[in-house]
2 protein chains.
Amino acid sequence: MTVDKIKKNALELFAENGYDGTSLSDIAKRVGIKKPSLYNHFDSKEALYFATIEDVFRAYVDYVNESLANIKVKTVKTKLKQALVSTAQFLSSHDIGMMYMRVLMFPPMDLRENIVKRFELWEGETDEIYIQLFEDGIKSNEIQPGDIQIYLQAFYTLLDGISTDMFIYSKEKVESKLEAGWMVFWNGICVRK
Amino acid sequence: MTVDKIKKNALELFAENGYDGTSLSDIAKRVGIKKPSLYNHFDSKEALYFATIEDVFRAYVDYVNESLANIKVKTVKTKLKQALVSTAQFLSSHDIGMMYMRVLMFPPMDLRENIVKRFELWEGETDEIYIQLFEDGIKSNEIQPGDIQIYLQAFYTLLDGISTDMFIYSKEKVESKLEAGWMVFWNGICVRK
DNA sequence: AAATAACTACCGACCGTTAGTTAGTTTGCT
DNA sequence: AGCAAACTAACTAACGGTCGGTAGTTATTT
């Protein structure tokens, strides 16, 4: 389908160069068609942009749901760590991750309101899985009994930190930051022996 | 000085709308001059952009150095917490913070190399102060003896997480995230009683 | 002290290019 | 034949940047 090809290429360009830094000519060239042909599939540049955003949000939530559901290890500790690693990897390896972060942090000013509205529709969808993990950990005496909301927010903050670092530092540096952040985080919530 | 006025207004616009989203006409209009007059003070749009970046990096490093040097409290715990809070506040309250994060995470592609080069000149300048804090904490038996580099990296990751959140979530939500992140972080490095 | 030269900051007009978008037409498939 | 999807051509608006000229100030000369 041409529509998918357009969205895929648009995503790559929007992710790397931003909304203002990406022209319809650029997109058309990569797709292999002429610029006006884009209008057979999308009403405007904004419409195309929003279409890619929608895909990105959905892909992100789907990935988190799927990948966490498929972790077949025993301890909560390894599950949480793996969730952290795989989510970070997802954000770094795909254009989706770059687009996700860019849209959330620095959307085009005039589209901001609209974007926030759409984001809030997806936000919170991943909470349940993590909450379940923390509850399991407390039950199995791996994690200190305490306010799960605090654990959750701290975990998200760690995730956001790693995600951000991935756009600034080298792979090796991010890896060591992830290890350090995780180590201190886990030490902060685990039952010490 | 006109140069400073130009840089100030350019900073605000670049921070909010990015490089591609800001035109020289926009900048000139806010300064109160016409576009060609800008060229009496800067050779090109890129030159103006780099000038503002330079200012931003210097302002950030200066702020961290100053504000941390002026904390007059006793315990390492409150010092660290205050460092976290004030740095986060700095990043959120000024356009400098927005510019700082935007430039580091999503610089204009063709300027990326140059920007990274300049960033690395500033990077690491703040390390010493934090390392000193951790060492003090270990000596005073507030912090567990351990790898200080891990503490430092974990702290930076927390800081990056909070900084990122400030561009995504509401003030209240960020505040609760900061508290949660800090609580778990400190619990992860402190000597528990 | 008057005249001149030099310099700075600014502006209007304009250049070539590219942006997003529209209209009208052709292609190719069913 | 009909229809979606591609095309060419062209539009207006805006982009970054240049040019020639003009005020206003400063420095130098006579």
Side-chain angles (χ1 to χ4, degrees), chain A residues 1-56 99 102-103 106-115 118, chain B residues 1-56 99 102-103 106-115 118:
Chain A
M1 209 57 150
T2 313
V3 170
D4 293 331
K5 209 158 138 194
I6 293 173
K7 285 203 286 187
K8 180 177 167 258
N9 284 280
L11 168 65
E12 290 172 13
L13 288 169
F14 282 141
E16 279 194 21
N17 307 106
Y19 181 78
D20 293 312
T22 303
S23 73
L24 293 182
S25 319
D26 294 338
I27 297 172
K29 192 175 289 176
R30 279 175 67 132
V31 174
I33 60 177
K34 301 295 173 182
K35 184 172 57 164
S37 303
L38 293 173
Y39 284 82
N40 287 312
H41 307 280
F42 299 94
D43 288 341
S44 65
K45 189 185 180 184
E46 278 197 18
L48 172 55
Y49 187 66
F50 276 120
T52 67
I53 290 179
E54 205 80 16
D55 285 359
V56 163
M99 182 75 173
R102 194 196 274 269
V103 165
F106 306 107
M109 258 279 282
D110 37 333
L111 312 181
R112 171 154 207 133
E113 270 191 57
N114 233 314
I115 288 173
R118 288 177 194 237
Chain B
M1 211 59 147
T2 312
V3 170
D4 293 329
K5 209 158 134 194
I6 292 173
K7 285 203 286 186
K8 181 178 165 256
N9 285 280
L11 168 64
E12 291 172 12
L13 288 170
F14 282 141
E16 280 193 19
N17 308 105
Y19 182 78
D20 293 312
T22 303
S23 73
L24 293 182
S25 320
D26 293 339
I27 296 171
K29 193 175 289 178
R30 279 177 67 133
V31 174
I33 61 177
K34 301 296 173 183
K35 185 177 58 166
S37 304
L38 292 173
Y39 284 83
N40 287 306
H41 307 280
F42 299 94
D43 289 340
S44 64
K45 189 184 180 185
E46 278 197 17
L48 172 55
Y49 187 67
F50 278 121
T52 68
I53 289 179
E54 205 82 14
D55 286 358
V56 163
M99 183 76 173
R102 195 196 273 271
V103 165
F106 306 107
M109 257 281 281
D110 37 333
L111 312 180
R112 172 155 207 133
E113 269 192 58
N114 233 313
I115 289 173
R118 289 178 192 235

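This is a predicted model, so every value here is computed, not measured. Throughout, protein chains are lettered first and strands after them, A, B, ... in sequence-line order, and every chain is numbered starting at 1.
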Subject >> Nearest heavy-atom neighbours spanning B:Thr22 and B:Leu13 >> reply: OG1-O, 3.1 Å
Subject >> Nucleotide C:dA9, atom C1' - distance to CZ of B:Phe42 in whole Å >> reply: 14 Å
Original post:
Has B:Thr2 got a side-chain N or O lying under 4.0 Å from the OP1 or OP2 atom of C:dC10?
Top reply: yes
Original post:
If you count the non-hydrogen atoms of other residues, nucleotides and ligands that lie under 6.0 Å from CG in A:Asp4, is the total more than 12?
Top reply: yes
**OP:** Locate the shortest heavy-atom distance separating B:Leu48 from B:Ile6; write the atom from each residue and the value.
**Re:** CD1-CG2, 3.9 Å
**OP:** Let me know the distance between CG of A:Leu38 and P of D:dA6, rounded to the nearest Å.
**Re:** 9 Å
Original post:
Taking atom P of D:dC15 as reference, at what distance in whole Å does atom CG of B:Asn17 sit?
Top reply: 12 Å
Original post:
Once you round it to whole Å, what is the distance between C1' of D:dC15 and NZ of B:Lys29?
Top reply: 13 Å
Original post:
Once each nucleotide of nucleotides 18-30 of chain C is scored for protein heavy atoms under 4.0 Å, what B/S/- sequence comes out, 5' to 3'?
Top reply: -SBBB--------
Original post:
Rounded to whole angstroms, how far apart are CG on A:Asp4 and C1' on D:dA5?
Top reply: 15 Å
Original post:
Considering all heavy atoms of both residues, which atom of B:Ile115 and which atom of B:Pro107 are nearest to each other, and what is their separation?
Top reply: CD1-CB, 3.5 Å
Original post:
Would you say the side chain of A:Val3 lies within less than 4.5 Å of the side chain of A:Lys7, judging by non-hydrogen atoms?
Top reply: yes
Original post:
Are any of A:His41's side-chain N or O atoms less than 4.0 Å away from OP1 or OP2 of D:dA4?
Top reply: no
**OP:** Begin from the C-alpha positions of A:Glu46 and A:Tyr19 and carry the test side-chain contact (heavy atoms from CB on, under 4.5 Å) through to its verdict.
**Re:** CA-CA 9 Å; A:Glu46 278 197 18; A:Tyr19 181 78; 3.3 Å; yes
**OP:** Report yes if a donor N or O on one partner sits less than 3.5 Å from an acceptor N or O on the other, where the partners are the side chain of A:Asn40 and the base of D:dA4; otherwise report no.
**Re:** no
Original post:
Which whole-number value in Å describes the distance from B:Met1 CE to C:dT8 P?
Top reply: 12 Å
